[in-house]
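The next block holds one structure in the form of structure tokens; read it before the comments.
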Amino acid sequence: MSGQPHSEDRIIAQTMNLGTYDDILLLEEAVGKARLLEVMLRAEPGWINDRSWEFWRGRLSFATGASIPKKGPRRAFHAATP
């Protein structure tokens, strides 16, 4: 660990991933749906799980009209080849 605090995007993504419905409503009010869409599209692998990704994909694509990938970013575990 670097000891550095998480970025604002990472903190928002954690709330998107782990928050309750009440948290979701507060988050939408505090940062707006356009900002949530930005965070989603810039999310790094592991930030938002599949279930939360699908929830937010539906919610934000409906609210903003944006095209959001069906799956969130994934970690790659490919071994380097010589």
Side-chain angles (χ1 to χ4, degrees):
M1 265 243 40
S2 67
Q4 297 294 318
H6 289 299
S7 69
E8 183 177 299
D9 282 358
R10 179 67 174 111
I11 293 167
I12 291 171
Q14 282 183 316
T15 306
M16 292 173 79
N17 191 43
L18 302 171
T20 65
Y21 189 68
D22 288 337
D23 295 332
I24 289 166
L25 296 177
L26 288 170
L27 188 62
E28 288 177 336
E29 185 178 325
V31 302
K33 291 181 176 144
R35 177 75 171 102
L36 295 174
L37 176 61
E38 288 173 12
V39 169
M40 226 179 136
L41 295 176
R42 289 195 301 239
E44 293 183 21
W47 281 14
I48 303 174
N49 67 29
D50 291 342
R51 183 176 180 198
S52 294
W53 185 271
E54 186 60 27
F55 171 82
W56 283 106
R57 181 176 173 269
R59 190 168 182 90
L60 294 176
S61 62
F62 178 77
T64 66
S67 177
I68 302 170
K70 288 188 177 203
K71 298 286 183 182
R74 299 275 185 247
R75 287 187 174 100
F77 295 104
H78 301 290
T81 55

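Keep in mind that what you see is a predicted model, and the values were worked out from it rather than measured. All values below come from the heavy atoms of this structure, side chains included, with hydrogens, waters and symmetry mates left out. Position 1 is the first residue of the sequence, and the numbers go up from there.
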Side chain to side chain contact (heavy atoms under 4.5 Å, CB included) evaluation trace for Leu36 with Arg59
CA-CA 10 Å; Leu36 295 174; Arg59 190 168 182 90; over 6 Å; no
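Linking ILVMFWY side-chain heavy atoms closer than 4.5 Å, directly or via other members, places Ile24 and Leu26 in two distinct hydrophobic clusters.
Counting all heavy atoms, side chain and backbone alike, Ser61 lies closest to Ala66 at CB-O, 3.4 Å. Across every non-hydrogen atom of Pro73 and Ala43, the tightest pair is CG-O, 3.1 Å.
With contacts defined as side-chain heavy-atom distances shorter than 4.5 Å, the pair Trp53/Ile68 qualifies. Using a 4.5 Å heavy-atom threshold, the side chains of Ile12 and Ser7 count as separate.
Leu60 CG to Glu28 CD: the interatomic distance, rounded to the nearest 0.5 Å, is 7.0 Å.
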Scan the side chains in residues 14-21 for donor-acceptor partners under 3.5 Å anywhere in the protein, sequence neighbours excluded, and list what turns up.
from: Thr15; atom 1: OG1; to: Ile11; atom 2: O; distance (Å): 3.2
from: Asn17; atom 1: OD1; to: Asn49; atom 2: N; distance (Å): 2.9
from: Asn17; atom 1: OD1; to: Asn49; atom 2: ND2; distance (Å): 3.2
from: Asn17; atom 1: OD1; to: Ser52; atom 2: OG; distance (Å): 3.2
from: Thr20; atom 1: OG1; to: Asp22; atom 2: N; distance (Å): 3.4
from: Thr20; atom 1: OG1; to: Asp23; atom 2: N; distance (Å): 3.2
from: Thr20; atom 1: OG1; to: Asp23; atom 2: OD2; distance (Å): 3.2

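Salt bridge present: Asp9 and Arg35 bring a charged side-chain N and a carboxylate O closer than 4.0 Å. Checked for salt-bridge contact, Arg57 and Asp50 miss the test: no charged N lies under 4.0 Å from a carboxylate O.
A 6.0 Å sphere centred on CZ of Arg74 holds more than 12 heavy atoms belonging to other residues, nucleotides or ligands.
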